[in-house]
Amino acid sequence: MIPLAAISRNGLLLAVFGLATTLGIALTYQGTKDAIAEQERIAQARALLEIMPASNHANDMLESTFALVDFEQLGLRHAQVGYRALNDQQEVIAVLLPALARDGYSGDIAMLVGIMADGTIAGVRVLNHHETPGLGDKVELKKSDWILSFEGKSLDKPVVTQWKVSKDGGEFDAFTGATVTPRAVIGAVKRALQYFDTHRAAMLTNESETTP
Amino acid sequence: MSSPSYSELTLNGLWKNNPALVQLLGLCPLLAVTGSVVNALGLGLATMFVLTLSNIAVSLVRHFVSDAIRLPAFVMIIASFTACIELLMRAYAFELYQILGIFIPLIVTNCSILGRADAFACKNSVLPAAYDGFIMGLGFGLVLVLIGGLREIIGSATLFDNMQLLFGEDASQWKIVLSDDYPGFLAAILPPGAFIVVGFVIAGKNVIDAALKRRADANKEKPVRGANRARVTGHIS
Amino acid sequence: MSLLNVTSPHAHGQLSTAKVMQLVVLATLPGIAALVGVFGAGVLINLVIAAVASLACEAAILSLRGRPVSFYLQDFSALVTAVLLAISLPPYAPWWVVVIGAVFAIGVAKQLYGGLGYNPFNPAMAAYVVLLISLPVQMTQWGAPFAAQPMGLAEAMASNILQHVDAVTSATPLDALKQGIDTLSGATGHIGGYGWEWVNAGFLLGGLFLMWRGIFSWHAPVSMLAALAAMAFLFPNDALSRVDSILFHLFSGASMFGAFFIITDPVSSATTHRGKLIFGGLIGALVYSIRHWGNYPDAVAFAVMLLNLAAPFIDQYTQPRTFGHGGTPS
Amino acid sequence: MIEAIVAQPLLAALFALVGLSLIFGAVLGFASERFKTEGDPIADQICDLLPQTQCGQCGYPGCRPYAEAIAGGERINRCPPGGESTIQALANLLDVEPLPLDEEVGEEKPKSVAVIREAECIGCTKCIQACPVDAILGAAKQMHTVIESECTGCDLCVEPCPVDCIDMVEIPVTLKTWHWQNPTKTADIIATDGGQR
Amino acid sequence: MSDIIFKLTGGVHPPQNKHQSIQRPIAQADVPAQLVIPMSQHIGPPSTPIVTVGQRVLKGQCIATAESFEGAFVHASTSGKVLAIEERPHNHASGMPALSIVIESDGNDEWQRMPAMENWPQCDRQTLLQRIHEAGVIGMGGAGFPAASKLATDKPIHTLVMNGAECEPYITSDQMLMTERAEELILSCELMMHVLGASKTLFGIEDNKPEAIEAIKAAHAKRGNDKIHIVVIPTVYPSGGSKQLIQILTGNEVPSSGHSSDLGIIMQNVATAVAAYRAIVFGEPSISRITTLTGEALAAPQNIEALVGTPLSALLEQAGWQQNLADRIIIGGPMMGYTVTDTQLPVTKTTNCILVPTRAELPPPPPAQACIRCGLCAEACPASLLPQQLYWFSRAGEHDKLESHNLFDCIECGACSYSCPSNIPLVQYYRASKAEIRQARRDAKQAEQSKRRFEARQARLQRLEEEKTAQRAARAEAAKKRLEEANTSASVVDPIQAAIERAAAKRTSAAAPATEAVDMIAKLEKRLTAAKIKLASAESAGSDKLVPLQEAVDKLTQQLAEAQQQAGDKP
Amino acid sequence: MLVEYSLLLLSTVLVNNFVLVQFLGLCPFMGVSNRLETAMGMGAATTFVLTLASVCSYLTFNYLLAPLGLEYLRTIAFILVIAVVVQFTEMVVRKTSPLLHKVLGVYLPLITTNCAVLGVALLNVNKQHNFGQSAVYGFGAAVGFSLVLVLFSAMRERLAVADVPKPFQGAAIGMITAGLMSLAFMGFAGLGS
Ligand SMILES: Cc1cc2nc3c(=O)[nH]c(=O)nc-3n(C[C@H](O)[C@H](O)[C@H](O)COP(=O)(O)O)c2cc1C
Ligand SMILES: Cc1cc2nc3c(=O)[nH]c(=O)nc-3n(C[C@H](O)[C@H](O)[C@H](O)COP(=O)(O)O)c2cc1C
Ligand SMILES: Cc1cc2nc3c(=O)[nH]c(=O)nc-3n(C[C@H](O)[C@H](O)[C@H](O)COP(=O)(O)O)c2cc1C
Ligand SMILES: Cc1cc2nc3c(=O)[nH]c(=O)nc-3n(C[C@H](O)[C@H](O)[C@H](O)CO)c2cc1C
Ligand code: SF4
Ligand code: SF4
Ligand code: SF4
Ligand code: SF4
Ligand code: FES
């Protein structure tokens, strides 16, 4: 015997609950929708904005992306886009390139390298890594200022041969007990600069294109 | 069922029947989001909010639901409040929302096992129910913050770091640095530390309880043995 | 006259727990000697600090609990833990690292469970792991083997206690292998990486002595080393030939120390014979897996803790066949 | 139709969830009718662990009612005749922490049996009515006697006796029933936990 | 002879200490002035005294009997007068008293033998078994299991195993017996084989008794019976355990819940065999035994043939007891023996050794330390158990786990305790736990029975109760019938009935919310039935309240119909 | 394909163990681990429900919520789905195998409140798993949960007789043990990546 009465009564009652609760959520959603969208944009652009603060440029960098040719040169495992920062005159003042160091201590280190049009570094940020907490993770800005030491450097300041950790006879400090991670990061930044060098012309012309 | 007094509710929620330390419920957030005070506080407030509101709602509708759909109905109420707070946090405390991750939506299961809706709210009127939800949430939140604080101190010798995530930019001044050349003790911030710190906090509570009990025992007469023995064969004439 | 009224047996064997522990300490001597020879006197300082801290911590907790302190200290188990912990630490670790380790080992991993015999995890290894993840900087500073000027006792003290001298550090051979740096030594005749084969040989010697004295059975160590060798043979690192790989893994890092002193800890390991075979075998396999595919260059401590975790379960399902139960008569 | 709904986010939400909960409610309603639980198997298992002394010291009229109460959430430490071992067994069955015996209900006593001083018995049959297991033989106005092997030692018969002629007598240890005891805890130095800590 | 031997599982090698007591030949104990002969020397129901206080008995005269082979006959050990039949402290681990017959010796030691059966090879099995039974022969190797009962097995037996292992340190009573009475022993083997119908004897002797081996081999060679195999086995404790010796000699394991007879093997201790032999060939019942007196507190350790019932003190005196040195008195060996504190206890048929060590020789047990799970106990256990696990479970009172770890296969040999570096009295835990489990089983049985009786009683009471209500209901029914008949307007009754049915149908649907209306209806129904019953009884009694009652019923009926109407409208 | 799935399985069972690394499902982990047999029952029940719930919530999300643009309703939708799955499982088990019901029955209702179940559903969405991955992920999470639950319960049976200091007896020492377990599991970090 199928107890139809019980089924329909309970089903209906629960449906009423569903109705009420959904209404509540849906209304909240309608109310917060725009704020959330805004927050999500900010979050996406956070790393970009840290390197190129809003005061320095005039465009929405998330909007002006360009495809990276020869992305393997940046260490990337699959195609990604770069970002342009423009001034009021719509001239490119800097590009922000994703880069990947594959020789980290435990896995890949993903980062974003900002390079001014003149080839100096605007800033570097590590986006994602699996380095040992307490050792290799000092490449995060949260843990140490080390990553800021790249600012203002360029391919000839110091000279290419000095783009090494001090232990290997280079310009850059390493952390106590961890040489592998800085070595990997420095290598990747250097590669990004070299990539910029080779592709500078194409990147500095502002012709927006969509993500390939 | 006569509703217990407010002071009893308070004592229960904060100490005697503390959801986290005594009932051992809601352990996941207790361990997962207590790496720092700010995370703990964020989740604690969210939980308190949901618990209070859902208790109110459940108490309001308690006469309409039948037994069969009681649980699902209550779960839906809790879920909807959770969904609301999730949306609100996304809108107004996005970074914290990202840090707390899935533990925000998980307030649903968390709260439903806190069981207050089922155990208390559906048997009491709105005011006690609301108060109970609030106190239970508070008891839970306080433990969260306590553990967050301990882990933050042991792990990195700071307190109230990153409070701006919750209270806006001004709060970034609140950070207290206890020692400048502390090498850091990462285990406290990593998962193992969470368990061990909670273990020690529970043990600490046991010590206090034992001391309290000893004091109480000292001035309490022994219960009369067998006072409420039942007559097994008493109904026979 | 009052006559004793006690249960049988009235006779008792010669071995006592204290004596077992003393033998274990004794058996570490060849390994310690090798460590001193290779890395200088640092390990001796660690030994002293660890022993003092462990015994003090044990005594403190015992008296807190109102237990007879000297009765328990006399079982020497805290000393064994201290010695094994000190051996595992880098020889020039700061003194406070050693103290934290000893306090964690005795205070948390051992006494919180009720002391000798009750701890589910190997205290020395639990302490090692906590230190490794908490203070990775201090815990990865291994001195260079056979340094040009080996440290004497005085210098070692200065380094460990006053933290004056900055010891020259270098990646351990296992670490180097992980990073793909060839410090190997197959070519130079050092099978386990420069200096490390001596250390391992020392512990092998001590271990064989304990086995001969019947302190533990052969099952766990042999099965661990066999599993380690098998894994090294099956999945060699690119830089090594299969045979070199076996020798390298057997004689580098904590392999022998682990096989004979750590996984044989009776309290936290499996107790049945079959259980010990499984216990050792899985440890060997895990050690290699973590060394080869994981984040840590050496993995004895992790592997041991992971199997400690499984030991009660293993014991439950590896009971030997009781006399007179099934089985075919021979 | 679908497009219309999708175009209206509010409507879509309502539609989706109401649909889900309709189905859900229906299924539960069906389940609640179709699969009613009858009896409580766990209470049977609990009852099997209780000593069946039927003495009522737990505050329930017999072991079965107490078993049902435990199944309903009553604490497991209220049966003095069962003592520690019963509490342990219940804790194992229910996967909860064993508690010490509740002082309120009494203490664990050695097992005893009732013995009627037959010379004094006036044959009032009150004890027969009190005995939960019919362990007393006798008819009105005749001497009564306890069947020792059936007596559970519940002592329920003691109080009703108007002439107080029933004694509870401990079952003595004999050569046959003697056995080794566990080593005393005091001899076992590990277990002397400074009294309490 | 090259008999294959097998390896014993586990085992330990305690210092033997046997040389001390074999320096002297077997001495004869003096007949004491008073003998206390317990009725429970064997495993099984206690023997029943057949003498009366004051009666004169002769040496060898039966003084207590047993009904079946499970029991044992008891005989006077010397001639004299029965002084008392009462509970006396018994030579038993418990120190509990046991029913004993106290005989005052008259010093004459006057024999009354049973008829000799020198023609035993011609006697049938039953006759011989009866004689062994009536001679009170019980296992003298330890357990005291009645020999006749064991020999009377109905399983086919092919092998007799003679247990001359004597693996316990210190004890040499079997050794001396084998050395001095080898020929009798070989003959006993033949007798036993005859009784059992066995085709061979395996005679196991540990290799630490060269004199005994030599003597037995010589006697064997002289007799030239090739069915008897003398097998020298390595010295290891507990090779003398029955299951262990069978394992060593045959490689077979006695099944856990079975007996050696399941393998076609019966084992007897050498002393038991000799006792049985003497009972048959000389008609001498079992009234004495060879006991080893040893330990450093004795000036003259030796073996003494003592009468059953002799107080220990008499023997100790004879062996030069130095009371001030004695630390404990152990009955049996250092591995399985139990201590006694009373030197007046009697020697029994199973008292194979009285060990009186000094404190230095066997120091008191040091306090137990924690188990470190070193597994040395498991290495030593001859039963392949995990003593450390048993110990943990025993401490936790985990009976299920103990049983699943085969606690009951433990032979309580003490090898585990012997080897435990932490000095844990493991065997005591096992003994206690075994007893607890047996008790728990008995309790469970008892509880089951109590439960049945309780339930039966409840059911009976309920039946009585129901019968009462049924009677009441029947009366009410009858009255109602009359009421109906009286009420000519049937139309009033029908809607009520319908309403009642409807309400009842509603109530059965459990999920239905108990609305107020339904409650109301139920209440009204109740009141209505009550009123009707009253009405009916008033009617039958011819009461004058008939009219107001009738009115009340009508009113209620109407109310009910209204409520019903409302409830029907609502949903 | 096979390699990818087995790596995912390895990673969910060991490397990112739900209980010890991700902190999900801790209440039953602490609560239902006093005895080995119960732990095994709970493990079996959870494995079944978790796998089924993972798949069902995947379907609900991708075929109901996502097309309608209702991602924000996922929490409430998932919790409903889980409850139905649990109830449904109980019904089926009760009908088809009373024996199995006796073993699993008591644990089933507890599973609804195990946040590992909702966690799996949510993480499937976050990680954008496809159908197969969702199934493997749910199964792996459950196996990881059951594995540590069973090992932990075997260990707790041992702890029950240990001479733990009074204040630490019970939950406290359980927590600390779990902490040491989690310490051990850190050794798996990086494995399989
Ligand atoms: C467990 C462990 C984790 C490590 N993690 C890192 C790491 O994340 N990054 C790093 O650069 N070095 C790490 N190291 C250290 C390197 O292996 C190596 O020892 C070190 O880079 C050598 O550098 P040094 O020359 O500065 O001593 C780790 C070492 C160990 C034992
Ligand atoms: C551990 C252990 C050791 C034993 N050692 C001997 C022994 O050395 N000699 C012996 O005759 N019986 C010994 N027994 C008793 C035998 O198992 C067995 O009871 C006896 O041989 C049977 O013969 P019975 O019935 O004639 O006494 C030992 C028993 C146990 C449990
Ligand atoms: C058929 C048969 C039945 C036996 N029944 C028992 C028995 O019920 N109880 C008992 O203790 N021994 C019994 N025994 C004797 C034991 O097997 C064993 O020989 C005796 O208990 C002495 O033990 P021990 O040899 O280990 O000391 C029986 C032997 C046989 C052959
Ligand atoms: C063979 C052997 C090996 C041991 N290994 C260890 C060890 O690895 N770590 C440790 O802390 N204690 C070890 N001990 C000492 C002791 O068992 C340990 O302190 C207990 O775990 C503490 O309860 C060992 C003891 C023996 C006999
Ligand atoms: S106290 Fe125990 S024995 Fe007595 S009635 Fe209650 S459950 Fe039964
Ligand atoms: S005789 Fe007395 S004590 Fe025994 S069961 Fe009956 S009522 Fe209880
Ligand atoms: S010999 Fe003693 S300490 Fe060793 S495992 Fe056995 S009981 Fe434990
Ligand atoms: S006493 Fe029992 S457990 Fe111990 S060794 Fe002997 S048979 Fe094994
Ligand atoms: S909070 Fe209880 S299971 Fe996660």
Side-chain angles (χ1 to χ4, degrees), chain D residues 28-33 36 47-55 61-64 67 81-89 91-93 98 111 128-129 131-135 147 149-154 172-192, chain E residues 38-40 45-46 87 90 92-99 338 365-371 394-401 412 422 424-436 438-440 442-444 446-458 460-461 509-511:
Chain D
L28 277 194
F30 178 74
S32 76
E33 279 301 297
K36 262 203 209 111
C47 191
D48 286 344
L49 294 179
L50 294 173
Q52 310 295 339
T53 304
Q54 314 291 4
C55 64
C63 300
R64 175 83 216 178
E84 295 298 328
S85 55
T86 296
I87 294 175
Q88 185 67 47
N92 282 347
L93 175 71
K111 204 167 160 352
I128 297 190
Q129 290 170 30
C131 179
V133 291
D134 289 339
I147 315 171
S149 62
E150 303 295 354
C151 170
T152 64
C154 69
V173 180
T174 64
L175 199 60
K176 266 215 123 52
T177 55
W178 175 88
H179 61 78
W180 288 96
Q181 299 293 323
N182 266 328
T184 46
K185 288 274 152 91
T186 42
D188 184 6
I189 203 157
I190 22 178
T192 56
Chain E
M39 297 293 101
S40 308
E87 303 253 302
H90 182 28
H92 182 261
S94 67
M96 304 283 298
L99 187 66
Y338 51 88
Q369 287 168 295
C371 167
S394 182
R395 281 184 63 127
E398 300 241 23
H399 292 172
D400 296 352
K401 285 270 164 60
E412 302 181 14
S422 288
I424 302 171
L426 296 165
V427 190
Q428 193 180 347
Y429 281 102
Y430 308 153
R431 288 186 180 129
S433 293
K434 283 183 185 175
E436 274 170 20
R438 290 200 191 100
Q439 184 62 42
R442 273 196 299 272
D443 285 352
Q446 171 95 41
E448 186 53 38
Q449 189 177 334
S450 305
K451 187 171 154 191
R452 260 204 319 275
R453 288 181 75 92
F454 180 65
E455 277 164 3
R457 178 189 157 98
Q458 296 293 80
R460 194 188 69 223
L461 292 176
S509 102

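Residue numbers begin at 1 in each chain, while the letters A, B, ... track the order of the sequences.
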Contact leader toward chain D among [options], where contacts are heavy-atom pairs under 4.5 Å:
options: E:S40, E:G95, E:A93; result: E:A93
options: E:P46, E:S433, E:P365, E:S450; result: E:S450
options: E:A440, E:A447, E:P425, E:A456; result: E:A447

So which part of [X] gets closer than 4.5 Å to some heavy atom of chain D, the side chain, the backbone, both or neither?
X: E:E398; result: side chain
X: E:H399; result: neither
X: E:Q446; result: side chain

Taking atom types as modelled and ignoring hydrogens, do the side chains of D:Q52 and E:E448 form a donor-acceptor contact shorter than 3.5 angstrom? no
Rounded to the nearest 0.5 Å, what's the gap from [atom1] on [X] to [atom2] on [Y]? Could you check?
X: E:E412; Y: D:W180; atom1: CD; atom2: CH2; result: 9.5 Å
X: E:M96; Y: D:K176; atom1: CE; atom2: NZ; result: 12.5 Å
X: D:L175; Y: E:H92; atom1: CG; atom2: NE2; result: 5.0 Å

Closest heavy-atom pair, D:P132 versus E:F454, reported as atoms and distance to 0.1 Å, is O-CD1, 3.2 Å
Of the non-hydrogen atoms in D:W178 and E:S94, which two are nearest, and what is the gap between them? CD2-CB, 3.1 Å
What's the verdict on side-chain contact (heavy atoms from CB on, under 4.5 Å) for E:Q449 and D:V133, showing C-alpha distance, side-chain angles and the deciding distance? CA-CA 9 Å; E:Q449 189 177 334; D:V133 291; over 6 Å; no
Can you list everything that forms a salt bridge (charged side-chain N to carboxylate O under 4.0 Å, His left out) with E:R442? Sequence neighbours excluded, please. none
Apply salt bridge (charged side-chain N to carboxylate O under 4.0 Å, His left out) to D:D48 and list each qualifying residue two or more places apart in sequence or on a separate chain. E:K451
Heavy-atom contact with chain E under 4.5 Å, split by part of [X]:
X: D:S85; value: neither
X: D:T53; value: neither
X: D:C63; value: neither

Hey, does the side chain of E:Q428 reach the backbone of D:Q181 with a donor-acceptor pair shorter than 3.5 angstrom?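 Side chain of E:Q428 to backbone of D:Q181: a pair is present.
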Between D:R64 (side chain) and E:E455 (backbone), is there a donor-acceptor pair under 3.5 Å? no
Presence of salt bridge, D:D134 and E:R460, under 4.0 angstrom: yes
Any D:P51 side-chain heavy atom under 4.5 Å of E:D443 side chain: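 Answer no - side chains too far apart.
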